Structure formats: C-alpha cells, structure tokens
Amino acid sequence: FPPRKSGARRRLLEADLSTPHTLIYYESPHRIQKLISDALDIFGDRPAALANDLTKMYERVDRGPLSALLEGLIKTPPKGEYILVIAGNPT
C-alpha cells in the first residue's frame, strides 16, 4: 500500500518517476482517487490500468490514461480493493 499521507505518498511516487519498469500499487477504495491524482501530477498522463476486485465474480479492469481512470472514479464511487498499474518511463 502507498502511504496514507499525501507528502509521503508523493515522495514514494517521485522515487519511481524515472524507472522504466511497470509500476504496481495496491490501494483501498477510500484512497484510490488521491493516489491516481498524485500519480497524474507526478508522472503526467501515462497509460495505466485500474483493476478492481481481481479474482472475484465482478472483477473489472479499466485501461487508459491516468486522467481517464480518475474521471471514471469520480463518476462512479469506488468500491472494493484496487490495483493500479502504471506504464514505466518510456525514455
């Protein structure tokens, strides 16, 4: 899980800014919007996937830029556990 507090969470994300590897974060429904918002600020609008309730009957995976995933969560309140997968730095 990423840290709960914004400053610590942003420092964690900033540490991964230049890595070329795919980034994977596990997050609760209460903090997923804040995580994506911080990731959007730090990484820019990278391609990503947001998986909800994997291995369960109603599992769901949405793919797109971070901004689109955040917009989707604003429209539909989050429920269940989430995994956020973000593309690594392409350069």
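The shown structure was predicted, so the numbers you read here are calculated from the model rather than taken from an experiment. Only heavy atoms go into these numbers, but all of them, side chains included; no hydrogens, no water, no symmetry mates.
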For a 4.5 angstrom cut-off between non-hydrogen side-chain atoms, does [X] reach [Y]?
{"X": "Leu70", "Y": "Gln33", "result": "yes"}
{"X": "Phe43", "Y": "Asp16", "result": "yes"}
{"X": "Pro47", "Y": "Arg63", "result": "no"}
{"X": "Ser37", "Y": "Lys34", "result": "no"}
{"X": "Leu84", "Y": "Tyr26", "result": "no"}

Is there a path of hydrophobic side-chain contacts, each under 4.5 Å between heavy atoms of I/L/V/M/F/W/Y residues, joining [Y] to [X]?
{"X": "Ile36", "Y": "Leu17", "value": "yes"}
{"X": "Phe1", "Y": "Tyr82", "value": "no"}
{"X": "Leu66", "Y": "Val61", "value": "no"}
{"X": "Leu50", "Y": "Leu23", "value": "yes"}

For the residue pair [X] and [Y], what are the closest heavy atoms and their distance?
{"X": "Glu27", "Y": "Pro2", "result": "OE2-CD, 3.6 Å"}
{"X": "Leu35", "Y": "Tyr25", "result": "CD2-CB, 3.9 Å"}
{"X": "Ala39", "Y": "Ile86", "result": "CB-CD1, 3.9 Å"}
{"X": "Asp38", "Y": "Ser6", "result": "OD2-OG, 4.0 Å"}
{"X": "Pro78", "Y": "Leu73", "result": "CB-CD2, 3.9 Å"}
{"X": "Pro29", "Y": "Ile32", "result": "O-CG2, 3.7 Å"}

query: So, Asp45 and Ser67: side-chain donor and acceptor under 3.5 Å apart, yes or no?
result: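 There is such a pair (donor and acceptor under 3.5 Å, judged by atom type) between the side chains of Asp45 and Ser67.
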message: Quick check for you: to the nearest 0.5 Å, what is the distance between Ile74 atom CD1 and Glu71 atom CD?
response: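 Rounded to the nearest 0.5 Å, the CD1-CD separation comes to 7.0 Å.
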field: Separation of Asn89 CG from His21 NE2 (nearest 0.5 Å)
entry: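 Spacing of NE2 (His21) from CG (Asn89) equals 11.0 Å.
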task: Inspect the contact between Arg10 and Asp41 and indicate whether a charged nitrogen and a carboxylate oxygen are less than 4.0 angstrom apart.
output: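 The answer is yes: the pair qualifies as a salt bridge.
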Under the 3.5 angstrom rule, does the side chain of [X] hit a backbone N or O of [Y] as a donor-acceptor pair?
{"X": "Asp62", "Y": "Leu69", "answer": "no"}
{"X": "Asp53", "Y": "Glu81", "answer": "yes"}
{"X": "Arg60", "Y": "Asn52", "answer": "no"}

query: Does Tyr58 OH have over 12 foreign heavy atoms under 6.0 Å away?
result: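 Not buried by this count: 12 neighbours or fewer within 6.0 Å.
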